[in-house]
Amino acid sequence: MSTYSVSDASAAAGQAAADVSPGWLEKLRSGGYGVGLAAAVPWLAFGASCLYWEDLGDWSRTHGLAIAAFGIAALALLGTIGADFLGSAGVALRRRAPWLVALGSFLTVWEVATAKFGWLPLPFFPPPQAILEVYTDDMPKLFDSVIASVKLQLGGYIIGAAIGFLTGVSIGWSQKVGYWVHPILRFIGPLPATAWLPFAFFTFPSSWSASTFLIALATGFPVTVLTWSGVASVPNAYYDVARTLGAKPSFLVLKVAIPAALPHVFVGLFMGLGASFAVLVVAEMIGVKAGLGWYLQWAQGWAAYANMYAALIVMSLLCSGAITLLFKTRDRLLVWQKGVVKW
Amino acid sequence: MVAAALHEAIAYPAVGAALDIEHVNHAFDIDGVVLPVLEDVSLAIEPGEFVALLGPSGCGKSTLLRLVAGLEKPRSGVLREDDIRITGPHPSRVVVFQDPTLFPWRSVWDNVALGLEAQGILKSQRQRVDAAIDLVGLSAFRKAYPHQLSGGMAQRVALARALVNDPKVLILDEPLGKLDSLTRITMQAEIVSLWQRKGFTTLLVTHDAEEALFLANRVIVLSDRPARVKADIRVDRPYPRHRGDPYLADLRRQILGLLGLDATW
Ligand SMILES: Nc1ncnc2c1ncn2[C@@H]1O[C@H](COP(=O)(O)OP(=O)(O)OP(=O)(O)O)[C@@H](O)[C@H]1O
Ligand SMILES: [Mg+2]
């Protein structure tokens with residue numbers, strides 16, 4: 001905290017006239033010099049606690065973790081001093097400096113509470129070095145699990161999204177198709193995809209194809225419904241314009257209905273992604289003998305809690321990565337929407 | 001090059017089409033109640049004529065235009081373009097609607113290109129899109145999206161989107177209704193000069209008697225709903241016309257009288 005007050009004073013002096021809100025808040029928001037220096041402190045503390053304080057248990061990566069922590073502290077220091085010369089990377093670092101403070105502090109507390117004092121019951125709450133150990137020593141298995149999960153998820157999601165999109169466009173466009181598909185959708189759609197698990201695992205030839213089906217189902221329903229509502233809500237005036245300009249029905253579908261419905265389709269894709277993650281993990285835990293869900297299950301079975309946390313962290317990185325990727329795709333395809341709606 | 005020019009000459013002769021509207025009746029069902037909108041409307045419009053339709057709000061002007069465009073079929077009666085019965089929309093008759101209705105996901109250029117793209121001839125005719133955009137003075141905004149345009153600019157894009165097809169009949173449904181008076185006056189002059197250069201038949205709906213007289217050869221005054229032809233007035237005045245012309249002022253008084261506004265004038 002003492003590092004704050006120094007920069008605090010200078011900030012207050014500099015902004016005194018204009019600033020109404022407390023100086024430290026402003027400083028924290030903009031992530032200034034002081035916060036950058038403050039970021040190094042918890043990381044140094046974290047590293048020092050690893051290095052100079054005897055562990056309660058026997059973990060082999062404590063030393064390596066300390067070096068990594070010192071490395072991050074050094075980066076934070078250098079980054080703070082050199083931020084002005086680092087261009088956009090410097091700006092990004094500065095913006096994230098408060099998070100570095102929080103993360104460093106959290107890790108220090110975690111380290112001390114588990115490895116040094118044992119305040120938290122040990123097999124269930126392993127220290128950071130135990131998780132690091134999983135990443136260094138169990139990498140091949142974890143890596144294979146990631147590959148298996150990504151393959152399964154990607155296959156099921158793409159199939160589900162494609163079928164959902166086509167179904168949605170068909171029922172939005174053709175009343176005849178809507179007549180037949182709509183009631184089925186109403187009846188089956190709201191059922192959680194996991195309810196199909198028993199059925200899927202004995203009807204499909206392999207647990208892999210069964211899981212693909214379940215993921216596709218979980219993705220397909222929201223994509224179908226939102227694509228359909230998107231196509232159905234296209235104003236008639238758009239069709240009138242296109243028809244008077246000589247558009248044939250195929251043009252009306254491909255160049256009018258679909259682009260106009262695309263914002264809705266993306267909402268469906270986001271919802272489908274969330275739903276399919278849940279199905280993926282359950283399917284891997286129950287039927288498929290591979291993937292991160294299976295790894296979690298396996299780790300829990302062997303009371304390898306560090307492995308479980310390690311897998312959870314990887315899983316959350318993958319899921320948020322997938323969501324980010326979808327956001328990026330949408331931003332690219334729907335540039336025209338910027339300025340039409342707020343997002 | 002010669003083939004392309006020939007193709008253009010055949011597909012889009014720079015001469016307007018004749019329109020025949022014979023005993024057309026139309027009505028809408030609103031909640032089971034029949035609402036008659038057009039009653040025995042007959043009009044013979046010659047190739048290249050500029051006809052303005054005037055009438056009270058809600059009398060059925062837009063409906064008549066939709067019938068001419070082929071977007072709807074009349075309950076009874078026949079509409080013909082050059083002696084060929086109108087059964088559906090065709091790019092030889094293009095409409096500029098009351099709202100610009102640009103496609104928000106397409107840039108200005110892509111919006112204007114819509115007709116050529118729909119007809120599958122965009123690849124060989126890209127320069128026509130550029131020409132149409134130049135014509136309405138929006139060359140600097142080719143890449144802009146509709147939400148980045150002002151109302152007047154959007155309406156000009158809608159006009160370019162129609163003109164790029166070299167229509168035989170241009171159908172304008174109050175295209176200038178929402179513009180400020182300055183842009184309006186400029187656009188009126190632009191429409192007249194375009195019409196004179198290209199020679200298409202023009203059907204213009206407007207609320208503004210002065211605008212009708214400034215632009216048209218012929219002004220049709222419609223009655224209250226259901227619309228009937230109340231008066232068919234020839235405007236034999238050379239272009240460019242002057243707003244202060246006493247002959248036009250006289251016609252204007254006459255038209256406003258037909259619309260039931262004589263007391264104010
Ligand atoms: N699709 C429709 N369904 C039912 N009624 C309609 C439909 N379109 C128009 N009408 C009715 O037909 C009448 C004429 O409408 P129209 O749009 O042709 O009027 P208008 O003369 O163009 O009016 P304005 O000058 O205000 O644009 C109105 O009373 C309207 O309620
Ligand atoms: Mg109208």
Any chance you could lay out the side-chain contact (heavy atoms from CB on, under 4.5 Å) test for B/Leu71 and A/Tyr239, step after step, and finish with the verdict?
CA-CA 10 Å; B/Leu71 290 169; A/Tyr239 297 125; over 6 Å; no
With side-chain contact (heavy atoms from CB on, under 4.5 Å) as the test, would you mind laying out the steps for A/Leu262 and B/Trp105 before giving the verdict?
CA-CA 10 Å; A/Leu262 221 47; B/Trp105 59 90; over 6 Å; no
List the residues meeting side-chain hydrogen bond (donor to acceptor under 3.5 Å, both in side chains) with A/Ser174, not counting sequence neighbours, and say none if there are none.
none
Residue pairs involving residues 253-266 of chain A (criterion salt bridge (Lys or Arg N to Asp or Glu O under 4.0 Å); sequence neighbours excluded)
A/Lys255-B/Glu117
Verify side-chain contact (heavy atoms from CB on, under 4.5 Å) between B/His90 and A/Thr244, making sure each step is shown before the conclusion.
CA-CA 6 Å; B/His90 190 274; A/Thr244 57; over 6 Å; no
Check each atom of B/Arg161 against the heavy atoms of chain A and say whether the ones under 4.5 Å are side chain, backbone, both or neither.
both
Heavy-atom proximity to chain B below 4.5 Å, by part of A/Tyr238
both
Within-4.5 Å side-chain heavy-atom neighbours: A/Val335 and B/Tyr145
yes
Is B/Gln119 reaching over with its side chain to a backbone N or O of A/Leu245, donor-acceptor style, under 3.5 angstrom?
yes
Would you mind reporting whether A/Asp240 and B/Val95 have side-chain heavy atoms less than 4.5 Å apart?
no
Looking at every heavy atom in both B/Pro104 and A/Trp336, which two are closest together, and how far apart are they?
O-CB, 3.3 Å
Atom CG of residue position B/Asp29 - does it have more than 12 heavy atoms of other residues, nucleotides or ligands inside 6.0 Å?
yes
Heavy-atom cut-off 4.5 Å, strictly under: side chain, backbone, both or neither for B/Ile171 against chain A?
neither
